[in-house]
Amino acid sequence: MNRLSKVFSGGKAFIPFITAGDPSITVTEQLIYSMYEAGADLVEIGIPFSDPVAEGPVIQAADERALAAGVTVDDVFSMMERVRKSCDVPVALMTYVNPVVRYGTERFMANCGRAGIDAVIVPDVPFEERDELLPYCRKHGITLISMVTPASGERIRMIAAEAEGFVYCVSSPGVTGIREKIGHEAGGMIKAVKDVKDIPCAIGFGISTPEQAAELSCYGDGIIVGSAVVKIVEEYGEDCVGHVAEYVRRMKAAISV
Amino acid sequence: MSKGRFGIHGGQYVPEILMNALIELEQAYERYKSDPDFTAELDYLLRNYAGRPSMLYYAEKMTKDLGGAKIYLKREDLNHTGSHKINNVLGQALLAKRMGKTRLIAETGAGQHGVATATAAALMGMECEIYMGKEDTERQALNVYRMELLGAKVHAVTEGTQTLKDAVNEAMREWTRRIGDTHYVLGSAVGPHPFPVIVRDFQKIIGQEVKRQLAEKEGRLPDAVMACVGGGSNAIGIFHDFIDDEGVRLIGCEAAGHGIDTDKTAATMTLGSVGIFHGMKSYFCQDEYGQIAPVYSISAGLDYPGVGPEHSGLRDRGRAEYVPVTDDEAVEAFEYLSRTEGIIPAIESAHAVAYAMKSAPEMGKDKILVICLSGRGDKDVASIARYRGVQICE
């Protein structure tokens with residue numbers, strides 16, 4: 001059983017997102033261990049990018065802090081190599097496509113493979129452009145995660161048919177960020193996916209409270225939370241690890257009932 | 001290879017949430033671009049509202065002063081709203097209306113595209129919101145007020161470098177929030193397919209007119225065509241009809257800022273490398289890790305780290321040349337054209353004038369050079385005064 005397939009094997013999965021290098025790569029490494037211990041089923045790690053067009057203000061600010069701290073994708077690969085010596089937490093890298101192509105797509109995916117990264121999520125590569133990445137992902141055993149959104153409509157069938165690992169379901173229109181109200185579009189989206197393929201579906205974008213997580217988790221197989229986690233990192237900086245772990249425990253508990 | 005390619009460049013690298021909006025736009029454009037009612041309405045507006053065809057003016061004093069090629073100016077500065085931007089905006093606003101959209105959003109650098117979009121929205125009774133980098137709202141304050149006067153809401157973007165690239169980021173983010181009633185009027189020949197094609201098609205009238213007007217005046221094709229390049233909409237507009245005329249040199253003039261050997265520059269073709277950003281594969285100013293570089297130019301309209309994919313394709317196949325022009329050279333050209341011909345050019349267009357000043361004397365007197373004067377310089381007067389250390393009260 002590879003690491004990715006065990007993510008959804010023990011009930012609803014909780015998937016926290018953090019930006020690598022915010023506030024430092026050392027804290028990122030500690031967060032990975034402690035979030036895993038606190039119940040995270042998969043950790044999503046964002047490669048900071050100068051122009052993250054799919055992000056709201058919270059993750060934009062995290063990217064700016066990480067870049068100001070001088071963190072590079074090479075630092076993330078070396079950190080993951082250290083993590084893999086002692087920890088088998090499933091890990092997905094979230095990155096915009098430019099850092100991948102500039103680094104060299106082949107070299108990027110090879111290093112992902114070497115560093116024990118299980119999947120990549122690249123929000124600005126839609127289905128039509130996936131050949132930019134897919135051959136290299138396959139070659140190095142990295143799963144390329146597909147996304148579906150409330151605006152995808154008929155496209156969901158096509159996307160789901162080719163999806164691997166799990167499907168990232170975007171809860172509502174817009175960029176990442178905490179929302180007070182989240183529509184109920186996830187249910188329909190996930191049904192459309194499952195009509196085509198028996199594949200786990202994780203819901204993300206906008207979720208911050210245990211109540212929201214509990215409500216939305218009924219529709220799918222897991223919950224992805226980014227901005228709410230990053231906000232804790234922003235608030236507590238170097239001392240964030242305990243606070244983040246506590247939040248992960250509460251969120252995991254909320255979807256485990 | 002996916003849609004909208006120019007060699008390896010172009011494509012549709014956007015979040016999934018925007019894909020159906022792009023597909024819908026492409027289908028609407030394919031349907032209406034040859035629809036007689038649509039083209040007749042656009043043609044009517046271009047003639048009666050925008051003031052087309054724009055003049056092709058023989059710059060006799062400049063020609064004699066430089067002592068080389070015969071210089072013509074394509075007067076896009078005389079269009080309504082003062083630049084070539086209106087050509088594309090009228091087309092896209094009409095298209096958006098046909099698609100049932102009621103709200104237009106746009107990015108703007110110098111403010112010319114924002115003013116044009118606000119103008120079209122006022123004319124067609126649509127809501128309008130403009131995204132402009134905060135730094136640009138300061139250096140182009142007059143255009144901000146102009147947009148507000150036209151009924152648009154202007155958002156000063158405080159993210160990133162607070163210039164054109166960040167305005168595009170924010171307009172794209174807004175579009176993902178509200179696709180249903182909103183059309184994003186992209187102002188340059190950049191972004192995901194079908195934008196580079198749509199913008200080029202609405203701008204190619206510039207080159208078509210030049211070809212016809214020069215045939216009437218000189219009975220032949222020009223030897224060289226020059227235009228400034230930020231994203232490259234006026235340049236692709238004047239180049240496009242000449243691409244198959246191999247004897248016509250196509251020269252894009254990009255902003256070198258303080259110089260290509262400094263880090264205060266926006267010379268994408270000279271210094272950039274292939275990347276994927278703002279929905280397209282093209283050349284970008286970036287670091288070794290693919291972080292987009294904070295670029296600089298005195299010209300807010302050329303202060304952009306990328307370039308349209310069709311230009312990158314033309315460069316790769318050697319069909320067009322791209323040359324860097326510094327702030328100093330552009331300001332000198334701004335002043336030169338004002339004094340010599342009584343025409344104050346936009347600081348963007350002054351980059352093309354500057355390169356013409358260098359190359360005309362090296363060309364024979366029997367040669368013909370056409371400069372795309374993409375916009376007028378009224379908006380730049382205050383900042384050029386500041387550049388020269390002159391205090392003026394607006």
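To find a chain, count down the sequence lines: A is the first, B the second, and so on, and within it residues start at 1. We use all heavy atoms of the structure for the numbers below, so side chains are in, but hydrogens, waters and symmetry mates are not.
Gly275(B) approaches Val101(A) most closely through the heavy-atom pair CA-CG2, 4.2 Å. When every heavy atom of Pro173(A) is checked against every heavy atom of Arg177(B), the shortest pair comes out as CB-O, 4.0 Å.
The number of heavy atoms from other shown groups lying within 6.0 Å of OH (Tyr103(A)) is above 12. Within 6.0 Å of the NZ atom in Lys264(B), the count of heavy atoms belonging to other residues, nucleotides or ligands does not exceed 12. Atom NZ of Lys101(B) has more than 12 neighbouring heavy atoms from other residues, nucleotides or ligands inside a 6.0 Å radius. Summarising the local packing, NZ of Lys194(A) is surrounded by more than 12 heavy atoms from other residues, nucleotides or ligands at distances under 6.0 Å. Within 6.0 Å of atom CZ in Arg157(A), 12 or fewer heavy atoms from other residues, nucleotides or ligands are found, so the atom counts as exposed in its surroundings.
If you tally non-hydrogen atom pairs under 4.5 Å between each of Ile159(A), Val100(A), Val175(A) and chain B, the highest count goes to Val175(A). When Glu159(B), Glu174(B), Glu288(B) are compared by the number of non-hydrogen pairs under 4.5 Å with chain A, Glu288(B) comes out ahead. Put simply, of Ile47(A), Val125(A), Asp74(A), Asp131(A), the one with the most heavy-atom pairs under 4.5 Å next to chain B is Asp74(A). Note on Ser172(A), Pro99(A), Ala61(A): by heavy-atom pairs under 4.5 Å with chain B, the leading option is Pro99(A).
Residues Met19(B) and Pro126(A) meet the side-chain proximity criterion, which asks for heavy atoms closer than 4.5 Å. When side chains are defined from C-beta on, Ile292(B) counts as touching Phe49(A), because their heavy atoms get closer than 4.5 Å. Side-chain atoms of Glu132(A) and Tyr13(B), non-hydrogen and from C-beta on, do get closer than 4.5 Å to each other.
For residues 146-156 of chain A, the interface with chain B (any heavy-atom pair closer than 4.5 Å) comprises Met147(A), Val148(A), Thr149(A), Pro150(A), Ala151(A), Ser152(A), Gly153(A), Arg155(A), sorted by residue number.
Looking at Asp51(A), both its backbone and its side chain come within 4.5 Å of chain B, counting heavy atoms on both sides. When heavy atoms are compared at a cutoff of 4.5 Å, Ile23(B) approaches chain A solely by way of its side chain, counted from C-beta outward. With a threshold of 4.5 angstrom between heavy atoms, Ile179(B) approaches chain A through side-chain atoms but not through N, CA, C or O. For Asp166(B), the part lying near chain A is the side chain, with the backbone staying farther off; criterion is any non-hydrogen pair under 4.5 Å.
The OG atom of Ser50(A) sits 14.5 Å away from the OH atom of Tyr289(B) when rounded to the nearest 0.5 Å.
Arg5(B) and Glu128(A) are not joined by a salt bridge, as no carboxylate oxygen comes within less than 4.0 angstrom of a charged side-chain nitrogen.
The backbone N or O of Glu55(A) sits less than 3.5 Å from a side-chain atom of Arg173(B), completing a donor-acceptor pair. Of the possible polar contacts, one joining the Gln291(B) side chain to the Pro48(A) backbone as a donor-acceptor pair under 3.5 Å is found. Panel note: side chain Asn98(A), backbone Ile276(B); a donor-acceptor pair is recorded below 3.5 Å.
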Worksheet item: Please walk me through it: do Val170(A) and Glu16(B) pass side-chain contact (heavy atoms from CB on, under 4.5 Å)?
Response: CA-CA 9 Å; Val170(A) 175; Glu16(B) 167 59 24; over 6 Å; no

